[in-house]
There are 2 protein chains.
Amino acid sequence: MKPTIRDVAKMADVSISTVSRVMNTPESVVESKRIRVLEAVEKLKYQPNSFARGLIYKKSFTLGLLIPDIENLYFAGVIRGMQDACIKLGYSLMICNTDRDKNRLLSYIDNFHEKQVDGVVFASDVLYPEYYEKLVGCRIPFVLVSSHSDEFDVPCVEIDDEAAAYDAVKFLIEIGHQEIGMIGFNHNDSISGPPRYQGFVRALTEFGLERNSCNIKYAAHRFEHAYQAAHELFTDYPELTAVFCVADEFAMGTISYLKDRGILVPGQVSVVGFDNIRMAGMFVPKLTTIAQPTYELGYRAAEKLHELVTTGTVEIVRERMNHKLIVRESSREK
Amino acid sequence: MKPTIRDVAKMADVSISTVSRVMNTPESVVESKRIRVLEAVEKLKYQPNSFARGLIYKKSFTLGLLIPDIENLYFAGVIRGMQDACIKLGYSLMICNTDRDKNRLLSYIDNFHEKQVDGVVFASDVLYPEYYEKLVGCRIPFVLVSSHSDEFDVPCVEIDDEAAAYDAVKFLIEIGHQEIGMIGFNHNDSISGPPRYQGFVRALTEFGLERNSCNIKYAAHRFEHAYQAAHELFTDYPELTAVFCVADEFAMGTISYLKDRGILVPGQVSVVGFDNIRMAGMFVPKLTTIAQPTYELGYRAAEKLHELVTTGTVEIVRERMNHKLIVRESSREK
DNA sequence: TTGAAAGCGCTAACAG
DNA sequence: CTGTTAGCGCTTTCAA
């Protein structure tokens, strides 16, 4: 049996209130007793029971994180950032991978509710009304990371997807490409799909390249789909010399396809990715891409959630972080 | 305020015990009351407070998972498997990423202790005596995944690293390679380092190629280190036509290096990896590698831990799962 | 500065 | 079948 406060009290020959005091406000206990208690705590390896504490404080000091796909390296950074912030704030973290399954996500919320998490971070997916209502119904405060909601007024932290996509495409144009394609996220089940598409179109328009704005194929989230999308893209538009991919995985899938077709990257076609996942620098060729500050995104999201949980509100509802173009080997001047 | 059992009881006009019964043994309550209670539960979105429950059951129905590096895709599979097993078993999962930091790991154990997790899975790292003692001191049952301990008698589930490495090297030899090198894990801070090295040597010896057994460089866990190790390996042994890498990341780093040196893979040098992470099939060239059943490893580890937690012991202490050689494009006959 | 006692929300034994 | 009640381990008044 784990030792309880009573065991410690007995061993130190004091009352349980005294033990409780040394655990919480040690300065309010005379040194002699405090030392005895501390010794007993040490000897028994006593840890206050967090159930009993939770019952009283009505707080679990635990945060939840909902991510769509743990096999996507993008989230590893977010998790690390959130985890570090949690340590700093004295919270534990409960990470749940939904595999983009609605029911699974809903049942994780039930879980969070039951376990009384103090708040949850919802990552990088669209916040369907069902999710919103469930979270609100369970009275669980939450924030979004790499996502936002036009429909509901939910705090979030993300980058400016439109501007980032614009920068990527503008770069391609500035190094001389005139025939540019894109491999994007489906608009209906993705939050960053539309803004990245708009950024693509804006850059094109600005440089008088509107005719390119239909050179698009869509893929789900994995490189296999991007491989297929690249096939469709180059079948329909064989003249392309550059493609903007809204994810590094897509860029890898595209390059993989091009390689199988015998098309050189960046020799014949330039490819730029998005996210700057860790592998981007290891791919052959190394990826030119838009870097997202994933670690900081996660860190800020946790801080923001903490702010929401403790004060009941947040200063800035919609927070933006900076992206950055990183030029490596997968792109070349035309 | 979250509703309590009392609120439900009042609304349904029954006693709190009746509410408790419909939550736990519904068949022991007459239908009329049961329905009233269920309606009240629904209306109030009542969830039994898990602190109160935990206090009584002395169980948190939560398992902990300690992983060394969440940015390593190898663990994504393990996590998914464990998560699915947890859902099946009615447990929650608390994932902690140690970043291979001893103090961080130790403090996560404190955390687990405080949060009263019912057990923990320790992944893929060496179980130092400090860790073992702490876990035992906190009376937390635990199992190892992709790891084992010679020193302590701890249940574990892993593959046969020696045999897997042997298979990889044997494959290289059988397709005609005579000059083979290896990029391995350092032996002192890695659990699979020694057996994979032994498998390498055994295959070499069996085919009369012992002279190759010193063609080894070591790397830490990231591809950058493997890139460097590959540089050293080919500087010392330029005659090599094949290299066995103990991780897919190492294979990618090696290929990346070779590419930068202008050496063709698999044209001039064959490379085989280990793990079969998801990206292995997307790399250029696609990786020949040893596949580990990561999902199953995680799943079994959770089941095993559950067995340990509920029965106090496990049937099989050291459990082995099967690996499999997957031949793709990074290797070629000599 | 310290101890006794109430009570957080729930389950389970006990009576009825 | 159902209600009353005694704790689970802890924090926090309230007195002393």
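Throughout, protein chains are lettered first and strands after them, A, B, ... in sequence-line order, and every chain is numbered starting at 1.
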(request) If the plane angle is over 60° it's perpendicular, under 30° parallel, otherwise tilted; pick one for B:His306 and B:Tyr91. (result) perpendicular
(message) What is the first contacted nucleotide of DNA chain D and what is the last, in 5' to 3' order, if contact means an atom lying under 4.0 angstrom from a heavy atom of chain B?
(response) D:dC1 to D:dG9
(request) In plain terms, say whether A:Lys33 and A:Asp13 are close enough for a salt bridge, that is, a side-chain N and a carboxylate O under 4.0 Å apart. (result) no
(message) If I take atom CD1 in residue A:Ile35 and atom P in nucleotide C:dT1, what distance separates them, rounded to the nearest angstrom?
(response) 15 Å
(request) For A:Lys59 and C:dG9, give me the distance from atom NZ to atom P, rounded to whole Å. (result) 17 Å
(request) Tell me yes or no: between the side chains of A:Ser17 and A:Ser20, is some donor less than 3.5 Å from an acceptor? (result) no
(request) Identify whether the distance between the nearest side-chain nitrogen and carboxylate oxygen of A:Arg34 and A:Glu27 falls below 4.0 Å. (result) no
(request) Using only side-chain N and O atoms of A:Lys33, determine if any of them is under 4.0 Å from OP1 or OP2 of C:dT1. (result) no
(request) Could you tell me whether the phosphate oxygens of C:dG3, OP1 or OP2, come under 4.0 Å of any side-chain nitrogen or oxygen in A:Thr18? (result) yes
(request) Could you encode protein contacts along nucleotides 11-16 of chain C as a string, one character per nucleotide from 5' to 3', using B for base contact, S for sugar-phosphate-only contact and - for no contact, with a heavy-atom cut-off of under 4.0 Å? (result) BBB---
(request) Indicate the atoms forming the closest heavy-atom contact of A:Gln292 with A:Asp275, along with that distance. (result) NE2-OD1, 3.0 Å
(request) Output yes when A:Asp69 and A:Arg222 qualify as a salt bridge under the 4.0 Å nitrogen-oxygen rule, no when they do not. (result) yes
(request) Using atom types as modelled and distance alone, determine if a side-chain donor or acceptor of A:Arg36 lies under 3.5 Å from a backbone N or O of A:Ala12. (result) yes
(request) Round to the nearest Å and state the distance from B:Arg6 atom CZ to C:dC8 atom C1'. (result) 9 Å
(request) Mind calculating the distance between CD (A:Glu31) and P (C:dT1) to the nearest angstrom? (result) 13 Å
(request) State, to the nearest 10°, the angle formed by the axis through the first five base pairs of the helix from C:dT1-D:dA16 to C:dG16-D:dC1 and the axis through its last five. (result) 40°
(request) Could you tell me whether B:Lys304 and B:Glu315 make a salt bridge, using a distance below 4.0 angstrom between a side-chain N and a carboxylate O? (result) no
(request) Rounded off to whole Å, could you give me the NZ-to-P distance for the A:Lys58 and C:dG7 pair? (result) 13 Å
(request) Report yes or no: is the cationic atom of A:Lys59 (NZ for Lys, CZ for Arg) closer than 6.0 Å to the six-membered ring centre of A:Phe61, at no more than 45° off its axis? (result) yes
(request) Determine, for B:Lys88 against B:Glu303, whether the closest basic-nitrogen to carboxylate-oxygen distance falls under 4.0 angstrom. (result) yes
(message) Looking only at side-chain N and O atoms, does A:Asn24 offer a donor or acceptor that is under 3.5 Å from a partner on A:Arg53?
(response) yes
